Amino acid sequence: MALLEVQNLKKYFPVKKGVLSRSVGEVRAVDGVSFSLEKGETLGVVGESGCGKTTVGRCILRLIEPTSGEVIFNGRNLLQLGGEELRRIRASLQIIFQDPFSSLDPRMTVGQIIAEPIKNHLNVSKAEVRDRVAYLMERVGLHPEQMGRYPHEFSGGQHQRIGIARALALNPLAIVCDEPVSALDVSIQAQVMNLLAEIQEEMNLSYIFIAHDLSVVEHISDRVAVMYLGRIVETATDRDLYENPQHPYTQALLSAIPIPDPEIRRQKIILKGDVPSPLEPPSGCSFHTRCPERKEICTKERPAFKDLGGGHRVACHLR
Amino acid sequence: MGESTTANFHHVRTMRKDSRLRRNWAKLRRNKAALFGGALLLIYLVTAVLAPVLFPGNPSAPNLAKSLERPSFDNPLGTDELGRSILGRIIYGSRVSLLIAVGVVSVGLLVGVPLGLISGYYGGKVDFGIQRVTDMMLAFPGFLLALALVAVLGVGLKNTVISIGISMVPIYIRLVRGCVLSVREEVYVEAARAVGTRDPGILMRHILPNVMVPITVQTSLGMGTAILFAAGLGFLGVGVQPPTPEWGAMLGSGRVYLFNSPHVATFPGVAIFLSVLSFNLLGDGLRDALDPRFKL
């Protein structure tokens, strides 16, 4: 059985207007997302800004309360757990945030930040906490002597290392990585990615790796899910997706990755227009407004999520 | 890890705390107005503490033979209608006004800060309830509210403190709630929830420390207001009762003699003015010094 199983997850944000806050509609940030994650596996989730990938990550941990759906982690449906049970289970399901600096309390020392999960969940002595923090800091490439310093005294890459140390503090089974490197310099990105890969190997961790950049995801993922307007439009193994993309949206995304060889010319698929408003998603296939291969049926019927074999699934009428 | 590393950690920590304090102190020191306010406040505090040394006699003992004397060598600020030294009464009055300032702000902080934290953090119905009560209290001008409360509770030092304190509670509630509303959306609060910190821990360890700066500033400004309000109540005769030397009451009883003996009302008025000024200047200076975006 999969470590994490997400079934038909939905999150609608109500849009309220006026003095009486009457509901005038809803933003369908996540609109029926399903996937599973095996032990030790990395699932990459990619998509444009606003496609709902961050909301998916938050909903899995119930940092945002989902509207409906199921999140089964280690055999238990997280959406049915009460406050205290949820609190305890979060010890094994952690998150790393996109903006590493703002995820660190500016009034706490780095030692206090990393110690927080340990103090919350384990009843251990001060010396043990300090030893554990020192070990974690060393593990993520920080100097334990710096545990008395404040976050603003560190660099961007170090902030993310602090965030990783905090997430690792309780030996989690899975970590949701919400664009962990998109705020970092390219040279630092590689270091942090390598650190994440090393730790995964060492602790047999599962990652849900959210990113807007396919090339970043390629580096670390076993399987990739492509999201568009709150839905998954294609999932496949890493290899399969990059070599044989099926959905027109995936093809367009992949064609935008630069190839480091000036001799190779590639047909770039330039998508026209913007992502439609999730307040009023298009009828039928939500991608039809921008799809270069649009047919009559696409504007009317929503495509099913078809299995093309080998776990490669796509939501498109034409495949 | 041995003893030395532990000691090292400790050293690093204290050093860092020091440097932050020093930076803020440096900013405060460059602000002339705040320094002046601080100096005034220091004089005020020293006066209050050393009152029996500065004025050995009993400030409340009448001496009708010396009634309404003008300033002289014996009585530098003159005497009041009962022949008591005005300087002595001002010196002892500083104790009373300081007591009121600290008492009032304590009431405001102890009641207002927790309510503001809860209101801002939990939102919803709790917030709605607390905010409507706050609205009602804020609909009255602060002094009028204090006056109305005194009318209910009665006169005297304790009731003065309670009345003015309660009239300040809504200010703290609003201030703290507003700050909490912005801080609770911070990613580090979400991160704390993700690592399993319970609500009380989030409120005390993450939110409260990050809203301390405006609270500190408001506390300093609030002490000034408290002294002014207490003086106002004393002036009207419903505050601290005679013979306790209280600046507002001194001002009130002196106003009868304003034409022939202006010193009786003037000097307590100056004392009120300077003490309020000291708190306000210091409060403004603190606001600027503690705001990391504001570089002097």
Side-chain angles (χ1 to χ4, degrees), chain A residues 58 61-64 83-84 86-91 93-122 126-127 130-131 133-135 143-153 163 166-167 169-170 172 175-176 178, chain B residues 1-24 122-125 127-128 179 182-216 290-293:
Chain A
R58 297 280 209 278
L61 278 100
R62 269 179 76 185
L63 291 172
I64 296 176
E84 194 54 31
L86 180 69
R87 202 185 72 83
R88 250 178 266 130
I89 215 159
R90 273 183 188 151
L93 184 58
Q94 278 295 306
I95 182 165
I96 299 171
F97 294 92
Q98 175 173 11
D99 183 344
F101 182 59
S102 67
S103 76
L104 308 174
D105 188 335
R107 304 252 160 197
M108 279 192 169
T109 64
V110 169
Q112 290 170 326
I113 289 170
I114 301 174
E116 190 171 9
I118 306 170
K119 286 182 186 161
N120 281 338
H121 290 278
L122 306 171
K126 272 186 176 169
R130 199 173 45 229
D131 286 351
V133 170
Y135 163 77
H143 298 292
E145 312 85 68
Q146 294 178 334
M147 70 168 73
R149 297 205 179 181
Y150 288 89
H152 70 89
E153 298 172 74
R166 172 172 59 188
L170 295 166
I175 300 182
V176 174
D178 181 11
Chain B
M1 260 192 297
E3 286 292 318
S4 65
T5 354
T6 319
N8 197 13
F9 290 155
H10 186 70
H11 173 67
V12 168
R13 171 170 297 182
T14 48
M15 201 181 73
R16 290 292 143 190
K17 282 240 168 86
D18 274 2
S19 83
R20 168 181 253 160
L21 218 86
R22 203 172 297 143
R23 218 172 29 239
N24 288 338
Y122 289 102
K125 287 202 179 95
D127 180 38
F128 187 84
C179 299
S182 73
V183 171
R184 75 164 186 191
E185 299 300 327
E186 294 283 346
V187 185
Y188 57 76
V189 172
E190 199 178 14
R193 200 168 298 134
V195 297
T197 308
R198 295 183 184 90
D199 281 348
I202 289 178
L203 277 168
M204 297 312 290
R205 287 205 301 275
H206 295 281
I207 292 184
L208 189 58
N210 282 291
V211 300
M212 268 326 278
V213 167
I215 293 177
T216 310
L290 296 177
D291 185 347
R293 284 158 303 179

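Side-chain atoms are counted along with the backbone in the values below, which use heavy atoms only and exclude waters and symmetry mates. Each chain gets a letter, A, B and so on, in the order its sequence line appears, and its residues count up from 1. Remember, it's a predicted structure, so these values are computed and weren't measured experimentally.
- Partner of A/Asp105 under the side chain to side chain contact (heavy atoms under 4.5 Å, CB included) criterion, chosen from B/Arg205, B/Glu186, B/His206: B/His206.
- Taking every heavy atom of both residues into account, A/Pro117 and B/Val195 meet most closely at CB-CB, 3.6 Å.
- With A/Arg87 contributing its side chain and B/Gly196 its backbone, the two residues share a donor-acceptor pair below 3.5 Å.
- Residues of residues 97-104 of chain A that come within less than 4.5 angstrom of chain B, heavy atom to heavy atom, are A/Phe97, A/Ser102, A/Ser103, A/Leu104 in numerical order.
- Comparing A/Glu116, A/Arg62, A/His121 by heavy-atom pairs within less than 4.5 Å of chain B, the highest count is held by A/Glu116.
- Interatomic distance, B/Glu190 CD to A/Ile95 CD1, rounded to the nearest 0.5 Å: 6.5 Å.
- Atom OH of residue B/Tyr188 and atom CZ of residue A/Arg166 lie 12.0 Å apart, to the nearest 0.5 angstrom.
- Proximity to chain B is limited to the side chain of A/Arg58, based on heavy atoms less than 4.5 angstrom apart.
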